[in-house]
Structures are given as structure tokens and as C-alpha cells.
Amino acid sequence: MSDESGPGAFRAATGRSLEDSSGANQRRYRAFQFSLIGPHCGTSVLEVGAGLGEFASQLTGLERHVVTDVDPDAVAAMAARFADRPEVEARVLDLAQGAIDLGTPVASVVAINVLEHIDDDTRALRALAGMTEPGGNIVLWVPAYMQLYGDFDRAVGHVRRYTPRTMTAAIRNAGLGPVLVKPVNLLGGIAWWATVRRGGVGTPNPRLVRTYDRFVVPVTRAVERRVTPPFGQSVLAVARVPG
């Protein structure tokens with residue numbers, strides 16, 4: 001179980017400190033994520049588990065963008081980061097405890113590497129649906145395949161890794177409609193298996209992360225633009241809220 005909240009939760013969930021700038025080593029990977037997630041987002045977005053706002057910085061031109069995290073220190077860091085963007089508001093949200101009052105529901109929700117930390121993922125998905133307008137999308141990016149589950153997953157509190165089948169089941173159990181569920185990042189999955197699962201690496205090596213981002217991600221993005229891999233490091237899912 002990893003329903004941890006409060007100061008220090010960002011470190012517990014990611015293995016990074018608030019001062020850790022290693023997210024800059026994943027610039028191409030963030031762009032890859034954005035290319036897959038962005039088309040499913042409407043003009044207003046709630047981002048859950050936004051961390052330090054590294055993915056959020058790519059979402060521009062929105063009418064409203066609510067960035068949230070379970071760690072209030074991370075939320076404060078995002079509030080400072082986006083102080084010059086009036087459409088962005090930073091809020092504390094512990095999804096394991098349920099929804100928060102947004103005033104007006106958003107057109108879409110983005111949750112990257114969040115759901116795997118929560119024991120009751122059905123309840124969490126229903127909470128996300130409660131903050132989304134009817135007919136809106138909930139976009140999920142989660143770690144894939146228990147064959148890749150290793151020491152790093154345990155260290156950061158992953159309850160599970162998903163397959164397209166288990167992700168689809170979770171979506172349906174929450175009363176939502178699966179629009180898209182597929183594995184992504186085949187080469188990343190192979191690299192993860194070799195270095196973390198088989199190699200016993202407890203935390204990602206910054207040098208390897210930089211190398212992967214520079215050389216492997218562009219190949220992955222080019223290939224997966226044309227074909228859906230049979231396996232991957234992550235599962236991308238889009239769930240539709242009944243309307």
C-alpha cells in the first residue's frame with residue numbers, strides 16, 4: 001500500500017527530492033508522453049500527481065489547468081513555477097481520500113503514474129470521474145506488466161503494474177467506458193527488465209536515463225507512431241465519463 005500523503009510524499013513516490021532536477025534528463029520522454037496524451041485533453045485539465053510540473057509545463061493554451069499533488073511542498077513548488085500563468089492553479093489532492101471540490105468540473109483529467117500507488121483503484125477512478133464533466137476523458141499512464149515489478153516498484157510504493165486487460169477491467173468496474181487501452185514504450189520495457197528487474201538496480205541511474213532519453217526515445221516514438229507494440233513499460237488508457 002502506498003496511500004502516503006503530506007510532506008515527503010513526492011520523494012516517497014518518485015525517489016526524487018523536490019530539488020532534484022533529473023526530470024530535465026527526460027525532455028524527449030515527456031514530449032513522447034505529451035504526443036500521446038495531449039490529443040485526448042480538452043480545454044480544461046485536472047492533472048493528478050503533477051509532481052514538480054514537468055509534464056504540466058507542456059500543456060499550454062488551456063482555459064483552465066489545475067495541477068495537483070499529494071505533497072503540499074510539491075504543490076507550493078508548482079505554484080511558484082506557474083505564477084506567471086493565470087490559467088494554472090495548484091491544489092493539494094490525495095486521490096486515495098477521494099475527490100476535491102473544483103467548483104466546475106474539468107473537461108479532462110490526466111493522471112501519470114498515480115493509479116498504481118492506490119489500493120482501491122476503482123474508488124480512485126470514480127473520484128476522478130466525479131471531477132470530470134459528462135462525456136469528458138480521463139487519461140491514465142501507468143506502469144505495465146507485473147513481470148517488470150522489482151525493487152524500485154516496492155521502494156516507491158507501487159501496489160501493482162497493469163496490463164491492458166487489468167486496466168480495462170478497472171475502468172469498467174468504475175462505470176467508465178474504455179476508449180483506448182494499449183501498451184506503450186516497448187524498448188523502455190526491455191531496458192527496464194534488463195536493468196531494474198534482472199539487473200537489480202534499485203533506482204534509475206541518471207546517466208542511463210540521459211542516454212535512454214537521447215537515443216532510445218526518438219526511435220520508440222518513430223516506431224510506435226506506426227504500430228502498437230505487444231508489450232511495453234507502460235499502459236496508456238483513455239476512459240470516457242458517461243454523459
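Values below: every heavy atom of this structure, side chains too, minus hydrogens, waters and symmetry copies.
Rounding to the nearest 0.5 Å places CZ of R85 at 6.5 Å from OG1 of T60. Separation of atoms CG (L93) and CG (D71) is listed at 12.5 Å; rounding is to 0.5 Å. Taken to the nearest 0.5 Å, the OG1 atom of T166 stands 8.5 Å off from the CG atom of D121. Summarising the geometry, atom OG belonging to S44 is positioned 8.0 Å from atom CG belonging to L62; distances are rounded to the nearest 0.5 Å. Remark: F215 CZ to T220 OG1 distance equals 13.5 Å, nearest 0.5 Å. To the nearest 0.5 Å, atoms CG (L236) and CG (L140) are separated by 8.5 Å.
Note on V48 and Y162: same hydrophobic cluster, where clusters join Ile, Leu, Val, Met, Phe, Trp and Tyr whose side-chain heavy atoms are under 4.5 Å apart, directly or indirectly. Taking hydrophobic clusters as Ile, Leu, Val, Met, Phe, Trp and Tyr residues chained together by side-chain heavy-atom distances below 4.5 Å, L46 shares a cluster with V114. Residues L115 and V67 do not share a hydrophobic cluster, defined by chaining ILVMFWY side chains whose heavy atoms lie under 4.5 Å apart. Connection of V88 to I100 is not established within any shared hydrophobic cluster, with ILVMFWY side chains joined at heavy-atom distances below 4.5 Å, either directly or through further cluster members. Under the 4.5 Å side-chain contact rule for hydrophobic residues, L128 and L102 share a cluster.
Between V106 and V45, every side-chain heavy-atom pair lies at or beyond the 4.5 Å cut-off. In this structure, M131 and P105 have side chains that are not in contact, with every pair of non-hydrogen atoms separated by 4.5 Å or more. The shortest distance between side-chain heavy atoms of W141 and S234 falls below 4.5 Å. Looking at V238 and I138, their side chains never come closer than 4.5 Å, going by heavy atoms from C-beta outward. Side chains of P229 and E224 form a contact here, defined as non-hydrogen atoms less than 4.5 Å apart. Looking at heavy atoms from C-beta onward, L36 lies in side-chain contact with V184 at the 4.5 angstrom threshold. Considering only heavy atoms from C-beta on, P242 comes within 4.5 Å of L176 through its side chain.
Between H65 and F82, the ring-plane angle classifies as tilted under the 30° and 60° cut-offs. Aromatic ring pairs are classed by plane angle as parallel below 30°, tilted from 30° to 60° and perpendicular above 60°; the pair H158 and H117 is perpendicular.
Judged by distance alone, the side chain of R81 and the main-chain N or O of L52 form a donor-acceptor pair under 3.5 Å. Between the side chain of T68 and the main chain of E47, a donor-acceptor pair closer than 3.5 Å is present. For the pair R161 (side chain) and Y145 (backbone), a donor-acceptor distance under 3.5 Å is present.
A donor atom on one side chain and an acceptor atom on the other are not found under 3.5 Å apart for R27 and Y29.
Taking the centre of each ring, W192 and F152 come in below the 6.0 Å mark.
Nearest heavy-atom pair across Q233 and Y212 is OE1-OH, 4.4 Å. Contact detail for G42 and A107: the closest heavy-atom pair is CA-CB, 4.1 Å. Shown here for A124 and I118, the closest heavy-atom pair between the two residues is CB-CD1, 4.0 Å. Contact record, R123 with D120: N-OD1, 3.0 Å, taken as the closest heavy-atom pair. Looking at every heavy atom in both residues, R126 comes nearest to N173 through NH2-O, 2.9 Å. Between V235 and T163 the shortest heavy-atom distance is CG2-C, 4.0 Å.
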As a quick check of understanding, evaluate side chain to side chain contact (heavy atoms under 4.5 Å, CB included) for I37 and V110, giving each step before the final call. CA-CA 8 Å; I37 292 172; V110 173; 3.9 Å; yes
Worked verdict on Q33 versus I112 for side chain to side chain contact (heavy atoms under 4.5 Å, CB included): CA-CA 9 Å; Q33 287 182 312; I112 299 174; 3.5 Å; yes
Test side chain to side chain contact (heavy atoms under 4.5 Å, CB included) on V109 and N137 and set out the steps. CA-CA 6 Å; V109 169; N137 286 338; over 6 Å; no
Pair K182, L180 - check side chain to side chain contact (heavy atoms under 4.5 Å, CB included), show working. CA-CA 7 Å; K182 67 176 184 178; L180 171 70; 4.1 Å; yes
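With respect to the salt-bridge test (charged N to carboxylate O, under 4.0 angstrom), the residues E54 and R30 qualify. By the 4.0 Å N-to-carboxylate-O rule, D213 lies too far from R210 to be salt-bridged with it.
Applying the side-chain contact (heavy atoms from CB on, under 4.5 Å) criterion to E63, with sequence neighbours excluded, gives T43.
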